[in-house]
Amino acid sequence: MNKKIEMTIPLVEMDGDEMTRILWQMIKDILLLPYINLKTEYYDLGIKERDNTDDKITYDSAIAIKKYGVGVKCATITPNVDRVVEYDLKQMWKSPNGTIRAILDGTVFREPIIVNTIQPYVKTWKKPITIARHAYGDIYRNLEYKVEEPGKAELIFTNNEGKEVFRETIHEFKDTGVVMTMHNLDKSIESFAKSCFNYAFDRKIDLWFSSKDTISKIYDANFRNIFKKIYDKSYADKFKEAGLIYFYTLIDDVVARIVKSEGGMLWACKNYDGDVMSDLVATAFGSLAMMTSVLVSPEGYFEYEAAHGTVQKHYYKYLKGKKTSTNPMATIFAWTGALSKRGELDENLELMNFANKLETACIEIIDQGIITKDLDGLSEATNKIVVNSEEWLHLTAKHLDILLAQN
Ligand code: NAP
Ligand code: MG
């Protein structure tokens, strides 16, 4: 056995819930701890510990990411009424992801893991398409009104001195109808833009940004202008030097271009567009279990996780003593993403190399046809064998040993 890889600065490790919590430990035991003297600062974001600490643990973990720069998170339960009963919670705690995002002020990037034996539904796609979704405002913070009688809807802006600066009629209703208003903040759009430029530059991929500024000449044009201002000021030179393109166009134009493209770009979307398009792109690439997610803050903090949840149904099977065939790919890639970023920041080439080899091992194992149940209908490998999670991890470790022995 070779010497284990050393780390200097810890990763912020955020444990989670249910089946992914079980996978988390298996991944550490089988694929990480035998190879790395893993240095982490551990935060248990499992639902019971969040409840015991009145959710302080979630805040503390986000602060730790600000301190160390890189975190890796297991999927966690976002409590609803059923969960409050199931776990006898003091209250319906907020989504940990929402809390962490509010503290780090980041943007979430979702990227599919590509393997040769699973073909995207769009046959031209060869490289991953990453979606960045703006996570503030628009219809998610709207004000709506159901008009039940004839009358006038107006938009009024009054400044802090009490002066009415703007008043216009939205519509004079002759009959019933509906009205909606929405807003966004320059600060939020700026940090969204910076996160997108940072991510694209970091990954050395082109950035496409879309909105509908031909129709929305002030609102969407404000997004376009802020992106352009930040690009010109801080990124244009860097992008040109790296041979990268920043490109703005209309959302309908992007949709048409994306479907005909070979992929490989970051597509920055406004809040609603990102909500819709991320599910479309994820599904078109194959499986939720193969989708990774990373939160990037404008200051350059990174938090890696799987895009899927805690895989509750599999957990109930596991509790009955049954082995489950849950796909650990996205959770492993959360770890490799975080380890690789840690390695990059600390100039730890060995750690980066390990993360890279582990990703290759996982992809090659799937391409050999060794798969979890969710991929059975998707994989076009010739000799398919469906195994349980633990078997899959051990077979991947064996293959990793071969790859690591090659240099
Ligand atoms: P989910 O955990 O993503 O699972 C939905 C279904 O997708 C599963 O039942 C399973 O289908 C399939 N699936 C997802 N990941 C898989 C994997 N790794 N391997 C194999 N199959 C996989 O979503 P959910 O059941 O709606 O949510 C469960 C809990 O997760 C909720 O409490 C929710 O709050 C939480 N959640 C957390 C996050 C996060 O922390 N980022 C995100 C989303 C949801 P089959 O049952 O058909 O096999
Ligand atoms: Mg959605």
Side-chain angles (χ1 to χ4, degrees), residues 13-24 26-27 43-51 55 57-58 61-62 71-87 89 92-102 104 106 108-113 115 118 133 135 275 278-279 282-283 285-295 303-320 322-335 337-338 362 366 370-379 386-393 396:
E13 174 185 354
M14 290 162 280
D15 209 341
D17 289 301
E18 300 193 312
M19 202 58 220
T20 42
R21 187 181 180 98
I22 307 300
L23 288 179
W24 193 259
M26 285 185 193
I27 291 168
Y43 292 85
D44 184 359
L45 300 196
I47 187 72
K48 276 319 275 178
E49 191 58 18
R50 278 182 276 147
D51 197 49
D55 211 21
I57 190 93
T58 308
S61 70
V72 56
K73 181 179 167 291
C74 180
T76 45
I77 290 170
T78 298
N80 55 16
V81 180
D82 294 343
R83 298 301 204 159
V84 171
V85 177
E86 182 181 359
Y87 288 92
L89 303 178
M92 209 187 293
W93 303 108
K94 281 192 213 152
S95 146
N97 288 32
T99 302
I100 295 166
R101 206 179 305 151
L104 299 181
V108 173
F109 298 84
R110 280 177 144 208
E111 183 184 331
I113 302 162
V115 298
I118 297 176
R133 173 183 168 191
D275 189 351
S278 66
D279 281 16
T283 312
F285 268 107
S287 165
L288 187 59
M290 300 280 277
M291 184 65 67
T292 62
S293 173
V294 54
L295 174 75
E303 185 223 10
Y304 295 83
E305 66 169 336
H308 61 75
T310 60
V311 212
Q312 186 179 6
K313 279 191 233 151
H314 293 213
Y315 182 60
Y316 293 149
K317 251 178 87 180
Y318 168 87
L319 287 181
K320 287 186 190 144
K322 294 191 186 129
K323 299 256 183 208
T324 73
S325 185
T326 316
N327 191 338
M329 277 294 268
T331 306
I332 295 172
F333 274 62
W335 275 101
C362 293
I366 290 180
I370 300 165
I371 52 172
T372 43
K373 197 166 150 237
D374 55 303
L375 301 183
D376 198 12
L378 296 168
S379 168
V386 175
V387 294
N388 67 42
S389 303
E390 214 171 338
E391 290 166 334
W392 192 89
L393 290 166
T396 303

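Remember, it's 1-based here, ligands and their atoms both numbered in the order they're listed. Only heavy atoms go into these numbers, but all of them, side chains included; no hydrogens, no water, no symmetry mates.
Here the rule is side chain to side chain contact (heavy atoms under 4.5 Å, CB included) with Glu305, and of Val72, Asn97, Thr292 only Asn97 fits it. Just one residue in the list Ile332, Val311, Thr326 forms a side chain to side chain contact (heavy atoms under 4.5 Å, CB included) with Leu23, and that residue is Thr326.
Among protein heavy atoms, the minimum distance from atom 28 (C) of ligand 1 is reached at Thr310 OG1, 3.4 Å. For atom 32 (O) of ligand 1, the closest non-hydrogen atom on the protein side is Arg83 NH2, 2.9 Å. The nearest protein atom to atom 13 (N) of ligand 1, hydrogens excluded, is given as Val311 CG1, 4.0 Å; this is a heavy-atom distance. Of all protein heavy atoms, the one lying nearest to atom 19 (N) of ligand 1 is Asn327 N, 2.9 Å. Of all protein heavy atoms, the one lying nearest to atom 21 (N) of ligand 1 is His314 CE1, 3.9 Å. For atom 37 (C) of ligand 1, the closest heavy atom belonging to the protein is Thr76 O, 3.0 Å. Counting only heavy atoms of the protein, atom 3 (O) of ligand 1 lies nearest to Gly309 N, 2.7 Å. What sits closest to atom 17 (C) of ligand 1 on the protein, heavy atoms only, is Ala289 CB, 3.5 Å.
Side chain of Arg50 to backbone of Leu45: a donor-acceptor contact under 3.5 angstrom is found. Side chain of Trp392 to backbone of Ile370: a donor-acceptor contact under 3.5 angstrom is found.
Distances from atom 15 (N) of ligand 1 to the protein include at least one heavy-atom value under 4.0 Å. Counting protein heavy atoms under 4.0 angstrom from atom 47 (O) of ligand 1 gives zero. For atom 5 (C) of ligand 1, the nearest protein heavy atom lies 4.0 Å or farther away. Closer than 4.0 Å to atom 26 (O) of ligand 1 lies none of the heavy atoms of the protein.
Under a 4.0 angstrom heavy-atom cut-off, Met19 registers as lying outside contact with ligand 1. Heavy-atom distances between Lys373 and ligand 1 stay at or above 4.0 Å for every pair.
In this structure, Tyr318 places its OH atom where only 12 or fewer heavy-atom neighbours from other residues, nucleotides or ligands lie under 6.0 Å away. By the neighbour-count criterion of 12 heavy atoms within 6.0 Å, atom NZ of Lys48 is densely surrounded, having more than that number from other residues, nucleotides or ligands.
In this model, a donor atom of one side chain and an acceptor atom of the other lie less than 3.5 Å apart for Thr372 and Asp374.
Within the 4.0 Å heavy-atom criterion, the part of Lys73 lying near ligand 1 is the side chain and not the backbone. Here Asn80 has no heavy atoms under 4.0 Å from ligand 1, in either its backbone or its side chain. Contact annotation for His308 and ligand 1: heavy atoms of both the backbone and the side chain come within less than 4.0 Å of the ligand.
Note that CD1 of Ile77 and CZ of Arg21 are 10.0 Å apart. Values are rounded to the nearest 0.5 Å. Note that SG of Cys74 is 10.5 Å distant from CE of Met19, once rounded to the nearest 0.5 Å. The CD1 atom of Ile27 sits 5.0 Å away from atom OG1 of Thr331, with the distance rounded to the nearest 0.5 Å. From Cys362, atom SG reaches atom CG of Asn327 across 9.5 Å, with rounding to the nearest 0.5 Å.
When each atom of ligand 1 is checked for a heavy atom of Thr78 under 4.0 Å away, the hits are 32 (O), 34 (O). Each of the following atoms of ligand 1 lies closer than 4.0 Å to a heavy atom of Ala75: 40 (O). Annotation for ligand 1: atoms under 4.0 Å from non-hydrogen atoms of Thr326 are 17 (C), 18 (N), 19 (N).
Note on Arg83 versus Asp17: no salt bridge recorded, every NZ/NE/NH1/NH2 to OD/OE distance being 4.0 Å or above.
For a threshold of 3.5 Å applied to N or O pairs, the pair formed by Asp374 and ligand 1 contains no separation below that value.
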Let's go through Lys73 and Leu295 carefully: what are the C-alpha distance in whole Å and the side-chain angles of both, what is the deciding distance for side chain to side chain contact (heavy atoms under 4.5 Å, CB included) to 0.1 Å, and is it a yes or a no?
CA-CA 10 Å; Lys73 181 179 167 291; Leu295 174 75; over 6 Å; no

